[in-house]
Undergrad: 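Below you will find the structure I want to go over with you.
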Amino acid sequence: MFNKILIANRGEIALRIIRTCKEMSINTVAVYSTADKESLHVRFADEAVCIGPPSSAESYLSIPKIMAAVEITNADAVHPGYGFLAENADFAEICTEYGIKFIGPSPQMIRMMGDKITAKDTMIKAGVPVVPGSDGLIKSVKSGQDIAKNIGYPVILKATAGGGGKGMRIVWKEEEFEEQWEKARIEAKASFANDGIYVEKFIEEPRHIEFQIIGDQKGKVIHLSERDCSIQRRHQKLVEECPSPFMDKSLRTKMGKAAIKAGKAINYEGVGTVEFLVDKYKKFYFMEMNTRIQVEHPVTEEVIDHDLIKEQIKVAAGEPLIGGNYIPNVHAIECRINAEDPFNDFRPSPGRISSFHSPKGHGVRVDTHVYAGYTIPPYYDSLIAKLICRAQTREECITKMERALDEFIVEGVKTTVPFHKRLMRDKSFREGDFHTGFLNDFDLSEE
Ligand code: MV4
């Protein structure tokens with residue numbers, strides 16, 4: 001097992017990782033920017049190293065700064081959390097070259113899954129269903145149009161270096177193809193320095209259902225069931241739950257098998273997420289694979305009653321997986337509490353939290369790094385807490401969430417709490433009747 005893990009992250013996830021390390025008797029090193037010197041991850045880690053000014057580029061995203069902190073503290077492993085360097089193949093490679101275990105998959109795996117065409121191609125070869133589309137990059141307007149005509153409009157253009165919704169364009173008819181193609185290329189070039197574009201059939205009103213998988217170094221891969229992440233706004237997830245209200249036994253068996261196939265195809269090591277789009281006929285398609293621990297991992301933890309960070313560290317240290325796949329028999333929902341104003345286009349609301357009280361009670365979990373008197377810096381993401389409720393049924397879970405949201409007191413900044421209260425009361429949400437476009441025509445003021 002590792003002696004000392006450096007956590008290359010901040011906020012709630014840094015704290016979350018430190019907690020598990022303590023329980024595993026592993027020493028911890030926090031890194032922090034000058035904006036985070038009062039943070040709890042700095043206080044609770046065994047050691048802390050300041051790695052630079054507030055700007056992420058000069059601190060949490062700076063590989064030289066992180067490697068210097070690894071070197072002076074003599075850490076033998078790095079946990080990247082999510083975001084920042086978590087899916088940076090170069091960083092994973094440098095760690096490996098220095099003899100430091102990067103807690104995650106190999107650089108080659110990160111690279112393969114980071115290139116969306118390569119990922120899709122790998123899945124096709126493994127027999128995992130994918131959305132019909134171009135075989136690789138589109139080489140010209142004409143060939144793109146031919147492919148689009150063949151698969152039928154509407155189609156969607158995606159950047160091979162993209163993911164998470166960036167650089168996507170929907171094309172409804174052939175006349176619009178060229179214009180959208182040009183726009184997609186310019187956007188992709190500017191965002192990813194790679195203008196490679198591919199085309200797919202546009203799946204209308206899909207659900208986003210992802211499977212949590214975990215693989216060990218001996219080639220065993222299991223799944224820990226799904227999370228429904230369809231409630232999102234501009235590709236930012238707001239609510240995640242398990243099981244998906246859309247799931248049934250037969251669909252879970254099929255999707256679970258596909259998720260494991262996806263993991264085995266690349267000899268996956270560590271925790272990962274296989275994202276699928278599911279259409280209204282319950283046909284499902286591989287979309288992307290995330291090679292990191294995700295924000296919404298507590299939903300799975302609550303349902304299967306296991307610490308996923310602990311499992312992640314254990315497989316990274318070479319321990320074999322025990323047990324098989326999991327079928328959920330309780331319900332969990334996570335609401336992301338962001339310092340944003342839901343009545344003002346979810347505009348970020350950084351600043352000092354003057355008063356903070358988090359909900360408690362049976363089946364209520366709050367993962368947070370904030371406290372009364374804490375100042376949310378404007379430089380990073382706006383997540384301030386994850387409120388996770390667990391109950392026997394979805395109905396009871398929603399009721400518990402409403403109770404918990406009513407207990408949540410955050411003063412000094414605007415939060416997404418009012419949004420979640422309104423959503424929990426929503427008839428369609430309560431009936432499980434939603435898809436990824438649900439929030440496009442959701443009116444907060446409406447009852
Ligand atoms: C799609 C799609 C419809 N058809 N692909 C968005 C994020 C990126 N991972 C892929 N995304 C989508 N790909 C096809 N062929 C619709 C989306 C999509 C979406 C997917 C998941 C969650 C929210 C979404 C919001 C808008 C569009």
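As the structure is a prediction and not an experimental result, all values here were calculated from the model. All ligand and atom numbering here is 1-based and tracks the order in the structure.
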Undergrad: Please confirm whether the ring centroid of F419 lies under 6.0 Å from the ring centroid of F442.
TA: yes
Undergrad: Give the residue and atom name of whichever protein heavy atom lies nearest to atom 7 (C) of ligand 1, and the separation in Å to one decimal.
TA: G165 N, 3.3 Å
Undergrad: Which protein heavy atom lies closest to atom 26 (C) of ligand 1, and at what distance to 0.1 Å?
TA: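 Looking only at protein heavy atoms, the one closest to atom 26 (C) of ligand 1 is H235 CE1, 3.5 Å.
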Undergrad: Suppose I only count heavy atoms of K201 and a 4.0 Å limit; which atoms of ligand 1 are within that range?
TA: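 Close to K201: 4 (N), 14 (C), 15 (N).
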Undergrad: Closer than 4.0 angstrom: is that true for some heavy atom of K237 and an atom of ligand 1?
TA: no
Undergrad: What protein heavy atom is closest to atom 2 (C) of ligand 1, reported as residue, atom name and distance in Å?
TA: L277 CD1, 3.6 Å
Undergrad: Taking the six-membered ring for Trp, are the ring centroids of F356 and F408 within less than 6.0 Å of each other?
TA: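 Ring centroids of F356 and F408 are less than 6.0 Å from each other.
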Undergrad: What protein heavy atom lies closest to atom 25 (C) of ligand 1? Include the residue and the distance to one decimal.
TA: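 Going by distance alone, atom 25 (C) of ligand 1 is nearest to Q232 NE2, 3.3 Å.
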Undergrad: List the closest protein heavy-atom neighbour of atom 21 (C) of ligand 1: residue, atom name, distance to the nearest 0.1 Å.
TA: H208 ND1, 3.4 Å
Undergrad: I'd like to check which ligand 1 atoms, numbered from 1 as shown, lie under 4.0 Å from a non-hydrogen atom of F202.
TA: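 That gives atoms 3 (C), 4 (N) of ligand 1.
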Undergrad: Charged N to carboxylate O below 4.0 Å: is that the case for E226 and R252?
TA: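 Salt bridge present between E226 and R252.
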Undergrad: Examine the side chains of R16 and T20 and answer whether a donor and an acceptor come within less than 3.5 Å of each other.
TA: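 Yes - a donor-acceptor pair under 3.5 Å links their side chains.
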Undergrad: Please compare T436, L439, V130 and report which has the shortest non-hydrogen distance to atom 22 (C) of ligand 1.
TA: T436
Undergrad: Which heavy atom of the protein is the closest neighbour of atom 11 (N) of ligand 1, given with residue, atom name and distance?
TA: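 In this structure, atom 11 (N) of ligand 1 has M168 SD, 3.5 Å as its nearest protein heavy atom.
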Undergrad: Can D426 and R430 be counted as an ion pair, charged N to O under 4.0 angstrom?
TA: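 Answer for the salt bridge query: no.
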Undergrad: For atom 10 (C) of ligand 1, what is the nearest protein heavy atom, given as residue, atom name and distance?
TA: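 Going atom by atom, the protein heavy atom closest to atom 10 (C) of ligand 1 ends up being M287 SD, 3.2 Å.
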Undergrad: Do E200 and ligand 1 have an N or O pair less than 3.5 Å apart?
TA: yes
Undergrad: Give the atom numbers and elements of ligand 1 that come within less than 4.0 Å of a heavy atom of E288.
TA: 8 (C), 9 (N)
Undergrad: So does K414 have more than 12 non-hydrogen atoms from other groups sitting under 6.0 Å from NZ?
TA: no
Undergrad: Using the ring centroid of each side chain, check whether Y60 and Y32 are separated by less than 6.0 Å.
TA: no
Undergrad: Going by the atom numbers of ligand 1, which of them fall below 4.0 Å from some non-hydrogen atom of I156?
TA: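 Listed by number with element: 1 (C), 5 (N), 14 (C), 15 (N).
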Undergrad: What protein heavy atom is closest to atom 4 (N) of ligand 1, reported as residue, atom name and distance in Å?
TA: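 Of every protein heavy atom, I203 N, 2.9 Å lies nearest to atom 4 (N) of ligand 1.
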Undergrad: Do NZ/NE/NH1/NH2 and the carboxylate oxygens of K125 and D121 come within less than 4.0 Å?
TA: yes
Undergrad: Do Y285 and F276 have ring centres separated by under 6.0 Å?
TA: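 Between F276 and Y285, which both carry aromatic rings, the centre distance is not below 6.0 Å.
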Undergrad: Before signing off on this row, confirm whether K158 and ligand 1 have an N or O atom pair separated by under 3.5 Å.
TA: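 Yes, there is a polar N/O contact under 3.5 Å.
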Undergrad: Using the ring centroid of each side chain, check whether Y374 and H369 are separated by less than 6.0 Å.
TA: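 For Y374 and H369, the ring centres are under 6.0 Å apart.
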